[in-house]
**Student:** 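First the structure, which I've put down as structure tokens, then a few questions once you've had a look.
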Amino acid sequence: LSLPPSKIIFEYSSLYREIIESFSKTQKSVFLIIDYGMEERQLFHPRRFDGTFRGFVNNRLTSDVLLNVGNQDITYHVNFTHLAFLTKQYDMNILGYTSQSHFLNNLGLDFINHQSSQDHYQQLSEINLLTSPSEMGELIKVMAIGNNNKMELSGFRNFDRTHLL
């Protein structure tokens, strides 16, 4: 990946390495990482020069992350490409990587039969929030890491994006 010559802000946690290292010390295991994030090609896109560091108050984006310290959620997007790099360094396998929408649909997300129309519409709204590309469906990614385990997981059966990492 080559970064443009302009200044870019990006976030990094030194805990990434510690987490992957602790995974590597387990026996036969599978780890799921589910979070807001993307691969480096998207993360370091020239239009994203100010990074992904964000604050939320009552589920609404705030303009000044440091204004309401202690009264807001502060987050940034996970760099899934870097997690893939660390996974390889510790001789583990990526078992899959996809969006939350594809992961849930691969698992067979389905409706529950409700007696009332109100319950049905509420469920539709909740499923839309989890799966819509403009909501959490595309923003949240799911990665599975296997340690001494190469099993196939149905959540990644279709639309696996591991090749993008």
**Student:** Would you confirm whether Thr131, through its side chain, and Ser101, through its main-chain N or O, come within 3.5 Å as a donor-acceptor pair?
**Tutor:**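 Not a single qualifying donor-acceptor pair exists.
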**Student:** Any chance you could pull the hydrophobic cluster mates of Phe159, using side-chain heavy atoms under 4.5 angstrom and chaining through other members?
**Tutor:**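 Members alongside Phe159: none; it stands by itself.
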**Student:** Of all residues at least two apart in sequence or in a different chain, which pass the salt bridge (Lys or Arg N to Asp or Glu O under 4.0 Å) check with Lys25?
**Tutor:**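 Listed in chain order: Glu21.
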**Student:** I need the Asn105 CG to Ile127 CD1 distance, nearest 0.5 Å.
**Tutor:**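 Asn105 CG to Ile127 CD1: 9.0 Å, rounded to 0.5 Å.
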**Student:** Picking from Tyr16, Phe85, Tyr97, what satisfies ring pair (Phe, Tyr, Trp, His ring centres under 6.0 Å) with Phe80?
**Tutor:**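 Passing option: Tyr97.
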**Student:** Is there a donor-acceptor pair under 3.5 Å between the side chain of Glu40 and the backbone N or O of Asn79?
**Tutor:**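 No.
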**Student:** Do Asp160 side-chain atoms and Gly96 backbone N/O form a donor-acceptor pair below 3.5 Å?
**Tutor:**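 Checked: no pair found.
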**Student:** Given the rule in the side-chain contact (heavy atoms from CB on, under 4.5 Å) test, do Leu15 and Glu18 qualify, once you have shown the distances and angles that lead to the verdict?
**Tutor:** CA-CA 5 Å; Leu15 292 177; Glu18 290 179 38; 3.5 Å; yes
**Student:** Check whether Asn93 reaches the backbone of Leu95 with its side chain - one donor and one acceptor, N or O, closer than 3.5 Å.
**Tutor:**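 No: the side chain of Asn93 does not pair with the backbone of Leu95.
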**Student:** So how far is it from Ile140 CD1 to Leu104 CG, rounded to the nearest 0.5 Å?
**Tutor:**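 Between Ile140 CD1 and Leu104 CG, I get 9.0 Å after rounding to 0.5 Å.
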**Student:** Look up atom OG1 in Thr98 and atom CZ in Phe103, then write down how far apart they are to the nearest 0.5 Å.
**Tutor:**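 Going from OG1 on Thr98 over to CZ on Phe103, the span is 9.0 Å.
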**Student:** Just verifying a value: how many Å separate Leu83 CG and Phe31 CZ, rounded to the nearest 0.5 Å?
**Tutor:**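 It is 13.0 Å, given to the nearest 0.5 Å.
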**Student:** Identify the heavy atoms of Val142 and Gln100 that sit nearest to each other, and give their distance.
**Tutor:**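 It is CG2-CA, 4.1 Å.
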**Student:** Nearest heavy-atom pair of Val65 and Gly55: which atoms, and what distance?
**Tutor:**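 Val65 and Gly55 have their closest heavy atoms at CG2-N, 3.6 Å.
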**Student:** What residue pairs, at least two apart or across chains, pass salt bridge (charged side-chain N to carboxylate O under 4.0 Å, His left out) with a residue in residues 78-100?
**Tutor:**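 Non-adjacent pairs meeting salt bridge (charged side-chain N to carboxylate O under 4.0 Å, His left out): zero.
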**Student:** What residue pairs, at least two apart or across chains, pass side-chain hydrogen bond (donor to acceptor under 3.5 Å, both in side chains) with a residue in residues 141-157?
**Tutor:**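 Pairs touching residues 141-157 that pass the test: Thr26-Asn147.
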**Student:** Is the shortest side-chain heavy-atom distance between Leu124 and Tyr121 below 4.5 Å?
**Tutor:**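 Side chain of Leu124 against side chain of Tyr121, heavy atoms only: contact under 4.5 Å found.
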**Student:** Counting C-beta onward and ignoring hydrogens, is there a side-chain heavy-atom pair between Phe156 and His102 closer than 4.5 Å?
**Tutor:**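 Of all side-chain heavy-atom pairs linking His102 with Phe156, none is under 4.5 Å.
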**Student:** Assert yes or no for the condition that the ring centre distance of Phe23 to Tyr90 is strictly below 6.0 Å.
**Tutor:**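 Between Tyr90 and Phe23, which both carry aromatic rings, the centre distance is not below 6.0 Å.
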**Student:** Side-chain donor-acceptor pair under 3.5 Å between Gln122 and Gln118, yes or no?
**Tutor:**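 No, because no side-chain N or O of Gln122 sits under 3.5 Å from a partner of the opposite role on Gln118.
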**Student:** How close do Ser99 and Gly137 get, heavy atom to heavy atom, and via which atoms?
**Tutor:**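 Heavy atoms only, the tightest pair is CB-O, 3.3 Å.
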**Student:** Assess the residue pair Ile145 and Ile20 against the criterion (side-chain contact (heavy atoms from CB on, under 4.5 Å)); give the C-alpha distance rounded to whole Å, side-chain angles, the decisive distance to 0.1 Å, and a yes or no.
**Tutor:** CA-CA 9 Å; Ile145 299 171; Ile20 299 298; 3.7 Å; yes
**Student:** Just verifying a value: how many Å separate Leu86 CG and Met92 CE, rounded to the nearest 0.5 Å?
**Tutor:**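 Going from CG on Leu86 over to CE on Met92, the span is 8.5 Å.
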**Student:** If I compare all heavy atoms of Gln72 with all of Val57, which pair ends up nearest, and what's the gap?
**Tutor:**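 Closest heavy-atom pair between Gln72 and Val57: CB-CG2, 3.3 Å.
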**Student:** Which other residues end up in the same hydrophobic cluster as Leu61, if Ile, Leu, Val, Met, Phe, Trp and Tyr are linked when side-chain heavy atoms come under 4.5 Å apart?
**Tutor:**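 In the cluster with Leu61 are Phe56.
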**Student:** Are side-chain N/O atoms of Ser132 and Ser134 paired as donor and acceptor at under 3.5 Å?
**Tutor:**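 Their side chains do contain a donor-acceptor pair, which is all the 3.5 Å distance test asks for.
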**Student:** Kindly indicate whether the side chain of Leu165, heavy atoms from C-beta on, has any atom under 4.5 Å from the side chain of Ile94.
**Tutor:**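 In short, these two side chains touch, coming nearer than 4.5 Å.
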**Student:** When rounded to the nearest 0.5 angstrom, what distance separates CG in Leu164 from CE in Met38?
**Tutor:**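 These two atoms lie 13.0 Å from each other.
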**Student:** Which residues pass the salt bridge (Lys or Arg N to Asp or Glu O under 4.0 Å) test with Arg161, sequence neighbours left out?
**Tutor:**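 Arg161 satisfies salt bridge (Lys or Arg N to Asp or Glu O under 4.0 Å) with Glu138 only.
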